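Just so it is clear, the values below take in all heavy atoms, side chains as well, and ignore hydrogens, waters and symmetry mates. Just so it is clear, the model here is predicted, and its values are computed rather than measured.
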Amino acid sequence: MAENILDRFKDTEEEVTIDTSRKLRVGIIGTGWIAEAHMVSYLNMPDVEVVAGADLVEGKAEAFFRKFQVEAKCYRSHKEMLDDESLELDAVSVCTYNRTHAECAIYALKKGVNVLLEKPMCVTLDEAVEICKAEKESQKVLSIGFQPRLDENMKMIKKIVESGELGKVYYIQTGGGRRRGIPTPYGTSFIEDKTAGIGALGDIGCYSLDMVLNAIGYPKPLTVSGYKSNFFGTRPDYYPTHPEYAKKFEVDDFAAAFIRLEGDIILDFRIAWAMNMDTPGDTIILGTKGGLRIPSTECWNGSVGGPMILYHEICGQQTETVIPIVDSDVSKLFDKKIRSFLDAVKNGTPAPVPTSQIIYNQAIIDGIFKSAEAGREIEIEVPEI
């Protein structure tokens, strides 16, 4: 019986033939460490030419392209690059600080260029609304960089929910994080307000939210009671070699929330860059017919932490079905993200990770921040675009 249930979730990936008769001309805005992952993936694509890059730091873009032995034009700002019509750009990757995601994406869209925007979408809901307006006016492809949803195990979660095995979903617990994992090895851009704006919430919290919200069809968030703290990030002893970072830490290293969603669904969420625990708990999805346990990971790596368990009844008997891990190379997820974006650009198909969904993700993050600041539950209002 269990094998029959598992058969319902099986799927096969079709092999895709890439048309190399016309190469897409791509630019990269922001040439920091995340841009390197974009470049590696673009170099794996036979139908792409990376022709330009922009970075505010003098000489940084030039050094970036030298590292990858790529001939490209370099600029000191996204505006200079996008204003250069001789580039004839088809698309850009926006790999800048959180605080500049919105302005870079909006400017590119207004210039008629397709955009792959790294996560988080931005910092505030107001920014997300302006991005969506620019996207609608431009009629260009704008996809958000949520590569974990392309993992086969993540897809399995959505298949299980859509199969009806859980019945009506009414409660979700999700989150994750790290015992010690504030990303200061990359400098202070993740922890200062002027560059990051949000901390663990935006860095890995957006992934955790997307895992479950995508599975249940992204219902509209209605209210949120949020909490955030920074007990670890502001401790000089957290950074043995850089105690001065404590004074620069201006974002959250832990956040939690109780969120009400359309469809009478409750979302219990928590996320951490640092905590005195190995995990804040597995993800669980409770439905009227069954429940699903999704093991947590030590650090958000794009997949799940082990075999999932489906708790349900068969012929009146309580039973558990183990959902085996699908062999999936998480190192290939970036390639899948880039490929799905490029295919949408070339074929004129919808964005693989659309803003119509991620604006709700951003609304929740924005709501948690505002609720925590206000010290009370608040309503979430997402305007029509």
### For Thr349, all residues meeting side-chain hydrogen bond (donor to acceptor under 3.5 Å, both in side chains), sequence neighbours excluded
none

## Note on the structure
The complete set of salt bridge (Lys or Arg N to Asp or Glu O under 4.0 Å) pairs with one or both residues in residues 216-225, sequence neighbours excluded, reads none

### Message
I need the full list of salt bridge (Lys or Arg N to Asp or Glu O under 4.0 Å) pairs touching residues 170-180, with sequence neighbours left out, sorted by first then second residue.
### Response
Arg178-Asp203

### Task
Starting from the C-alpha separation in whole Å, work towards a yes-or-no answer on side chain to side chain contact (heavy atoms under 4.5 Å, CB included) for Met121 and Cys132.
CA-CA 10 Å; Met121 184 178 180; Cys132 291; 3.8 Å; yes

Quick one: does [X]'s side chain get under 4.5 Å of [Y]'s, heavy atoms only?
X      : Y      : value
Glu49  : Val26  : no
Gln173 : Thr283 : no
Asp237 : Pro243 : no
Trp273 : Ile204 : yes
Leu267 : Val224 : no
Phe190 : Val251 : no
Leu166 : Leu310 : yes
Ile284 : Ile172 : no

Should we count [atom1] of [X] as having more than 12 external heavy atoms under 6.0 Å?
X      : atom1 : result
Asn44  : CG    : yes
Arg235 : CZ    : yes
Glu62  : CD    : yes

### Task
Apply side-chain hydrogen bond (donor to acceptor under 3.5 Å, both in side chains) to the pair Asp84 and Ser86, showing each step before the final yes or no.
CA-CA 5 Å; Asp84 186 349; Ser86 69; 2.5 Å; yes

### Task
Using side chain to side chain contact (heavy atoms under 4.5 Å, CB included) as the criterion, point out the one residue from Ile368, Asn230, Ile198 that pairs with Asp252.
Ile198

Among residues at least two apart in sequence or on other chains, which ones pass salt bridge (Lys or Arg N to Asp or Glu O under 4.0 Å) with [X]?
X      : value
Glu262 : none
Glu118 : Lys337
Glu58  : Arg76

### Message
Tell me every residue that passes side-chain contact (heavy atoms from CB on, under 4.5 Å) with Asp19, counting only those two or more places apart in sequence or in another chain.
### Response
Ser21, Lys346

#### Entry: side-chain contact (heavy atoms from CB on, under 4.5 Å) against Met275, all qualifying residues, sequence neighbours excluded
Ala272, Met277, Pro280

[X] side-chain N/O to [Y] backbone N/O, donor-acceptor pair under 3.5 Å:
X      : Y      : answer
Asn153 : Val326 : yes
Asp282 : Pro295 : no
Asp193 : Glu250 : no

May I ask you to say whether [X] pairs ionically with [Y], meaning some side-chain N is under 4.0 Å from a carboxylate O?
X      : Y      : value
Asp47  : Arg339 : yes
Glu373 : Lys228 : yes
Glu162 : Lys158 : yes

### Summary
The complete set of side chain to side chain donor-acceptor pair (under 3.5 Å) pairs with one or both residues in residues 351-366, sequence neighbours excluded, reads Glu135-Thr355, Arg149-Gln357, Tyr218-Asn361, Asp366-Lys370

#### Entry: Joint hydrophobic cluster, Leu342 plus Val94, side-chain heavy atoms closer than 4.5 Å
no

### Message
Show me the pairs that pass ring-ring contact (aromatic ring centres under 6.0 Å, His included) and involve residues 73-93, at least two apart or across chains.
### Response
His78-Tyr107

### Inter- and intrachain pairs under ring-ring contact (aromatic ring centres under 6.0 Å, His included), touching residues 130-182, at least two apart
Phe146-Tyr207

### Query
Looking at the rings of Phe249 and Tyr245, which for Trp means the six-membered one, are their centres under 6.0 Å apart?
no

#### Entry: Worked check of side-chain hydrogen bond (donor to acceptor under 3.5 Å, both in side chains) between His312 and Thr319
CA-CA 6 Å; His312 54 140; Thr319 188; 5.2 Å; no

Review item, side-chain donor-acceptor pairs of residues 109-116, under 3.5 Å, at least two apart:
from, atom 1, to, atom 2, distance (Å)
Lys111, NZ, Asp83, OD1, 3.0
Asn114, OD1, Val141, N, 2.9
Asn114, ND2, Asp90, O, 2.9

